[in-house]
Asks: 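Have a look at this one before I ask anything.
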Amino acid sequence: MKKKWTIAAACMLAFSIILAGCAKDNNTGTNGGAAANTPSTGNAEAPTAENPVTIRVFANEDTVNNQKLETNAFTKLVEKQQNIKFEWTTVPSDGAPEKRQISLASGDYPDLYLLVAYVDHFSQNDLLRYGQQGVILPLNDLIDQYAPNLKKTLDENPDYMAMNTAPDGKIYGINGLSACYHCSFPNKMWVNSSWMKKLGIETPKTPEDFKKMLEAFKNDDPNGNGKKDEVPLSGSTETFGVHVIPYLMNAFIYDDDRTYLMMKDGKVDLAANKPEWKEGLAYIKSLYDEGLIDPGAFTQNADAFKKIGENADGQILGAGAGMHPAIFLDIADGNRNSKDYDSIPPLTGPNGINYATIQYTGNQGASFVLTNKASEEAQIAAIKMLDSIYTFDGQIQANAGIEGIDWRKPQDGEKALDSTVQPLWVTLPQKSGEKPRNNSWGSLGQYDLDAAFRNSQVQSTDIYNDDGYERRLFDATKNNYDGKQPAEIFPYWGVWIDPASADQAGMLQTNITTYIDQNALQFITGGKSLDKDWDAYIKGFDGLDLTNYLDIMQKSYDSSAFSKK
């Protein structure tokens, strides 16, 4: 029913090849990189302009946008500033995880893996496994000695520090910091406010209010074509906030839309076997039974969802689940539908609950990883290179490109995304027909997209303009969702699982979440009865070893930095 977040794999292929014999460092002569863990420049020949430090890099290259890392403008800038020379091994997105696995298994792996997190990255389990084998180098000493900007960022962002720090206290790799504010609250509900105005409907506050609104969308011909062709509520099956169940369930019990775990008084528990979950399913079933939820919401992809939002014969969508409306609408200036959809706050259920699903927007694991093939000089140069991106100038050049071509400084009167901060940058979009510029690393360089950076970008004050879209999402999140998250949340994005339990935990979680998803759909669509089959559903968790799974997750949480906050 949806893609699974798995602890053991973290959306990645699990490595099945044991790297016997790969732990020897061919450059330094050390076993497992032990001597390289505490770099020193004492006996190293200082690099010169004629003799730059060579770093062999395995990287994801954006071939869709014609990115060429060897000739890329930011590559050239970094090489000049840091006195290094990259030797690239690049792979496109397709098949990237498999190619990385092959490079490791061959024994002829690079000094540095520089990856795009949403394409390919080292999972937490990978980092622990290869770190213990000595293939991957801990970065703690390098960061302490040569990366003050990165160290400051880690120290000032506890979740980011926890995500990057293994249970043994070592940092085996770095993932990107992405403080995407609106992404942190993915399960939003976007409602056709023009229909609401036409039908005299106020913003729904309770599940019953929401149901009455959907009934009006279905029965009262809000699009005015004399047909009952309206789709009151729809969604799709991907993982970017498009499931219809979480927004509705959050009026009854917290639904994180990933693990279905919740916390109370520091204890990890499951939400999907509680009476409140049953009550939420009963409500959602009532919507489905009346034809108020599009059946395709449980089976269709985002492309099919968008065909409803952009129906060629006229507007038919009443409400859509999604992180942002561009998932199911064309938001370009002049689009007839985009301005009609606004977010609404979480609904308040019978017990006063009105949760908003929250997530940390970084990725588990790491996209910057140094191996024991790296010489002492290469290690230092690589971490200094990464550290340079943890500055405003470094991040804007890595992520956006060249000033005056890809971005510019603000003009008088322009406002930042967060109107309380000083505006610092404006993106300059490519002109129609213009070839890709190859000036930035783009997603490959997104390491310090913190709130200060993201929120200082200039956005139009007209949230319905194309250039005001990010402000539209920022305002929707701030006004309707932020502050509605539970006081305690299981931080699945940053809890590290003991390697001895990781494979078992991943299997248990996949089985349990699949069981929850399948049964939720059956209960909603009538394949199972909440009156007759609920007890059997609860009993089914025993066969899935739920108790052991919760014990593993509790121990993992207790050993994490989150439990010590």
Asks: Which residues pass the salt bridge (Lys or Arg N to Asp or Glu O under 4.0 Å) test with Glu434, sequence neighbours left out?
Replies: Arg437
Asks: In chain order, what residues pass the side-chain hydrogen bond (donor to acceptor under 3.5 Å, both in side chains) check against Glu61, with sequence neighbours excluded?
Replies: Thr90
Asks: Are the side chains of Asp450 and Thr153 in touch, meaning some heavy atoms are under 4.5 Å apart?
Replies: no
Asks: One pair to check against side-chain contact (heavy atoms from CB on, under 4.5 Å): Asp303 and Phe305. What are the steps and the verdict?
Replies: CA-CA 5 Å; Asp303 290 338; Phe305 186 17; over 6 Å; no
Asks: Name all residues meeting the ring-ring contact (aromatic ring centres under 6.0 Å, His included) criterion together with Trp407; count only those two or more places apart in sequence or in a different chain, and write none if there are none.
Replies: none
Asks: Partners of Lys539 by salt bridge (Lys or Arg N to Asp or Glu O under 4.0 Å), sequence neighbours excluded?
Replies: Asp542
Asks: For Glu414, what residues pass the salt bridge (Lys or Arg N to Asp or Glu O under 4.0 Å) criterion, not counting sequence neighbours?
Replies: Arg408
Asks: Given Leu329 and Lys306, is the side-chain contact (heavy atoms from CB on, under 4.5 Å) satisfied, shown in steps?
Replies: CA-CA 6 Å; Leu329 294 170; Lys306 195 163 189 175; 5.7 Å; no
Asks: Using the side chain to side chain contact (heavy atoms under 4.5 Å, CB included) criterion, which residues pair with Ala321? Sequence neighbours excluded.
Replies: Met189, Val244
Asks: Can you list every pair that meets disulfide bond (SG atoms under 2.5 Å apart) and has a residue in residues 178-225, with sequence neighbours left out?
Replies: Cys180-Cys183
Asks: Any chance you could lay out the side-chain hydrogen bond (donor to acceptor under 3.5 Å, both in side chains) test for Asp517 and Tyr260, step after step, and finish with the verdict?
Replies: CA-CA 10 Å; Asp517 290 338; Tyr260 306 117; 2.5 Å; yes
Asks: Take Gln395 and Leu449, measure what side-chain contact (heavy atoms from CB on, under 4.5 Å) needs, and give me the verdict at the end.
Replies: CA-CA 7 Å; Gln395 184 58 86; Leu449 297 179; 3.9 Å; yes
Asks: Parallel under 30°, tilted from 30 to 60°, perpendicular over 60°: which one fits the rings of Trp534 and Tyr537?
Replies: tilted
Asks: Would Asp120 and Val116 count as a side-chain contact (heavy atoms from CB on, under 4.5 Å) here? Give the steps.
Replies: CA-CA 6 Å; Asp120 176 26; Val116 175; over 6 Å; no
Asks: Distance-only criterion, 3.5 Å: show the donor-acceptor pairs between side-chain atoms of residues 270-280 and protein atoms not counting sequence neighbours.
Replies:
residue: Lys274; atom: NZ; partner: Asp269; partner atom: OD1; Å: 3.2
residue: Lys274; atom: NZ; partner: Asp269; partner atom: OD2; Å: 3.2
residue: Lys274; atom: NZ; partner: Leu270; partner atom: O; Å: 2.5

Asks: Sequence neighbours left out, what passes salt bridge (Lys or Arg N to Asp or Glu O under 4.0 Å) with Lys211? Give chain and number order.
Replies: Glu290
Asks: Which word best sums up how the rings of Tyr181 and Phe474 line up, parallel for under 30°, tilted for 30 to 60°, or perpendicular for over 60°?
Replies: tilted
Asks: I'd like to check the side chain to side chain contact (heavy atoms under 4.5 Å, CB included) partners of Ala451; sequence neighbours left out, ordered by chain and number.
Replies: Ala179, Asn455
Asks: Please say which of Tyr254, Phe185, Phe252 ends up in a ring pair (Phe, Tyr, Trp, His ring centres under 6.0 Å) with Tyr355.
Replies: Tyr254
Asks: When you look at Ser529 and Asp531, which way does the side-chain hydrogen bond (donor to acceptor under 3.5 Å, both in side chains) test go after all the steps?
Replies: CA-CA 5 Å; Ser529 167; Asp531 294 328; 4.6 Å; no
Asks: Between Phe453 and Trp425, how do the two ring planes meet: parallel, tilted or perpendicular, split at 30° and 60°?
Replies: parallel
Asks: Does CD in Gln422 sit with more than 12 non-hydrogen atoms of other residues, nucleotides or ligands closer than 6.0 Å?
Replies: no
Asks: Consider side chain to side chain donor-acceptor pair (under 3.5 Å). Of Asp255, Asp257, Asn187, Thr357, which one does His243 pass it with?
Replies: Asp257
Asks: Run the side chain to side chain contact (heavy atoms under 4.5 Å, CB included) test against Asp289 and tell me which residues pass, sequence neighbours left out.
Replies: Lys285
Asks: Would Arg471 count as a cation-pi partner of Tyr464, with NZ or CZ less than 6.0 Å from the six-membered ring centre and within 45° of the ring normal?
Replies: no
Asks: Please list all pairs passing the ring-ring contact (aromatic ring centres under 6.0 Å, His included) test where one or both residues lie in residues 211-239, with sequence neighbours left out.
Replies: Trp195-Phe217
